[in-house]
Amino acid sequence: DETDATRPLPVFYARRRDYDLIRRECALLRTEVGSERRACARQRLGVMVDPTHVVHRAFMNRKVADRLGALTGESSLLPADVPVEFRVYPSGSCMDWHQDVALYVEPQYELVFTLENSSDSQTQWQDDAGRRRGGWTEPNSVLMVRAEHVVHRVTPVTRGERSIVKFVYTTTLDKTDEFYDNLTTYER
């Protein structure tokens, strides 16, 4: 059996009215997306969301921290100070096999909220035996991955599109050098 550290966990779903609000607000953010500079991402677009924006506030708060803390067993989990990101996977985009880099001295939990998904791509990860697992991510669902623990990817989009909100929780705000590199991710 896989341990929680070696597989993404489905975490929760948003209430319908919250989900609809996040979708509307992200539709407005689409005008701000730019090309991404990460080596593992191909043709993916995105934007860092301002901390005052409703999308940021929806995911980065004490209620979410408490819920995630209960799931992970981390009683000291807190919203990270790395920006929330809105990402779009258009046709031709993908994310190669990789492990998320630790942005904090204690590796963070990265969460991916699938906003919309009309694509044929899949989120996949490797289990402890090296077997590929995963599948299509349902809109209004969240997956959680601990940085430096799970090798994962997003397969190429050949039809449709996928959009997500990525946010991070951590047990410390003590940063690694990679934290600062992460802030220069998007071109506009």
Side-chain angles (χ1 to χ4, degrees), residues 8-38 40-41 43-72 74 77-91 93-95 100-101 103-104 108-119 121 123 136-147 152 154 157 160-171 173 175 178-188:
L9 295 173
V11 179
F12 56 81
Y13 298 89
R15 291 185 309 223
R16 187 67 202 189
R17 73 178 173 153
D18 295 337
Y19 172 65
D20 290 340
L21 172 66
I22 293 165
R23 281 181 59 207
R24 282 193 305 275
E25 291 296 324
C26 285
L28 298 173
L29 287 172
R30 287 180 81 86
T31 62
E32 299 179 35
V33 299
S35 298
E36 188 170 343
R37 294 182 178 149
R38 285 189 183 94
C40 66
Q43 299 179 35
R44 185 169 69 186
L45 306 171
V47 64
M48 293 189 176
V49 180
D50 189 275
T52 62
H53 196 281
V54 67
V55 170
H56 184 281
R57 294 190 326 262
F59 293 102
M60 306 305 284
N61 58 66
R62 186 76 252 155
K63 185 176 178 181
V64 173
D66 291 344
R67 191 168 188 184
L68 295 174
L71 289 168
T72 62
E74 298 275 5
L77 212 54
L78 61 132
D81 53 356
V82 65
V84 169
E85 295 177 49
F86 171 58
R87 295 176 175 174
V88 178
Y89 288 81
S91 185
S93 64
C94 66
M95 190 168 54
D100 293 335
V101 174
L103 304 177
Y104 299 92
Q108 72 275 5
Y109 292 92
E110 301 209 4
L111 295 105
V112 173
F113 175 77
T114 300
L115 187 62
E116 296 180 300
N117 194 355
S118 63
S119 79
S121 73
T123 299
W136 182 80
T137 55
E138 180 181 356
N140 192 23
S141 67
V142 176
L143 289 177
M144 180 170 57
V145 176
R146 185 137 194 211
H152 60 285
V154 176
V157 175
E161 184 177 88
R162 176 178 182 247
S163 62
I164 66 165
V165 176
K166 189 202 83 156
F167 57 106
V168 175
Y169 275 76
T170 184
T171 56
L173 295 178
K175 296 163 183 55
E178 285 78 9
F179 176 92
Y180 301 100
D181 291 340
N182 184 67
L183 298 177
T184 61
T185 298
Y186 298 106
E187 297 176 9
R188 279 234 349 125

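Note that the structure is a prediction, hence the values are computed from the model and not measured.
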Are side-chain heavy atoms of [X] and [Y] found at a separation under 4.5 Å?
X: His56; Y: Phe167; result: no
X: Pro90; Y: Val157; result: no
X: Asp100; Y: His152; result: yes
X: Met95; Y: Tyr89; result: yes
X: His53; Y: Leu29; result: yes
X: Leu68; Y: Leu111; result: yes
X: Trp136; Y: Glu138; result: yes
X: Leu115; Y: Pro139; result: no

**Message:** With side chain to side chain contact (heavy atoms under 4.5 Å, CB included) as the test, pick out the partner of Cys26 among Val33, Leu21, Val49, Val55.
**Reply:** Val55
**Request:** Please report the shortest heavy-atom distance between Pro79 and Asn61, naming the atom on each side.
**Result:**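 Smallest heavy-atom distance, with atoms named: CG-N, 4.0 Å.
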**Request:** Can you see which heavy atom on Ile22 is nearest to which on Ala58, and at what distance?
**Result:** CD1-CB, 4.1 Å
**Aromatic ring pairing Tyr19/Phe113, orientation class (parallel under 30°, perpendicular over 60°, tilted between)** = perpendicular
Check: [Y] main-chain N/O paired with [X] side-chain donor or acceptor under 3.5 Å:
X: Ser118; Y: Glu161; value: yes
X: Glu36; Y: Gly46; value: no
X: Arg87; Y: Arg44; value: no

If you measure from [atom1] on [X] to [atom2] on [Y], what distance do you get to the nearest 0.5 Å?
X: Thr114; Y: Arg162; atom1: OG1; atom2: CZ; value: 4.5 Å
X: Leu78; Y: Met60; atom1: CG; atom2: CE; value: 8.5 Å
X: Asn140; Y: Arg23; atom1: CG; atom2: CZ; value: 9.5 Å
X: Tyr109; Y: Leu77; atom1: OH; atom2: CG; value: 7.0 Å
X: Phe86; Y: Glu32; atom1: CZ; atom2: CD; value: 10.0 Å
X: Met48; Y: Lys166; atom1: CE; atom2: NZ; value: 7.5 Å

**Prompt:** How would you list, by chain and number, every residue that makes a salt bridge (Lys or Arg N to Asp or Glu O under 4.0 Å) with Lys175, sequence neighbours excluded?
**Reply:**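 Scan of Lys175 (salt bridge (Lys or Arg N to Asp or Glu O under 4.0 Å), adjacent residues dropped) gives Asp81.
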**Message:** Checking side-chain polar atoms at under 3.5 Å, does Glu74 have a donor or acceptor matched by the opposite partner on Tyr169?
**Reply:** no
**Request:** Give the intermediate values and the outcome of salt bridge (Lys or Arg N to Asp or Glu O under 4.0 Å) for residues Asp20 and Arg16.
**Result:** CA-CA 6 Å; Asp20 290 340; Arg16 187 67 202 189; 3.3 Å; yes
**Request:** Please step through side chain to side chain contact (heavy atoms under 4.5 Å, CB included) for the pair Phe59 and Val64, ending with a clear verdict.
**Result:** CA-CA 7 Å; Phe59 293 102; Val64 173; 5.7 Å; no
**Message:** Test: salt bridge (charged side-chain N to carboxylate O under 4.0 Å, His left out). Region: residues 54-64. Which pairs qualify, not counting sequence neighbours?
**Reply:**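 Applying salt bridge (charged side-chain N to carboxylate O under 4.0 Å, His left out) to every pair that reaches into residues 54-64, excluding sequence neighbours, yields Arg62-Asp66.
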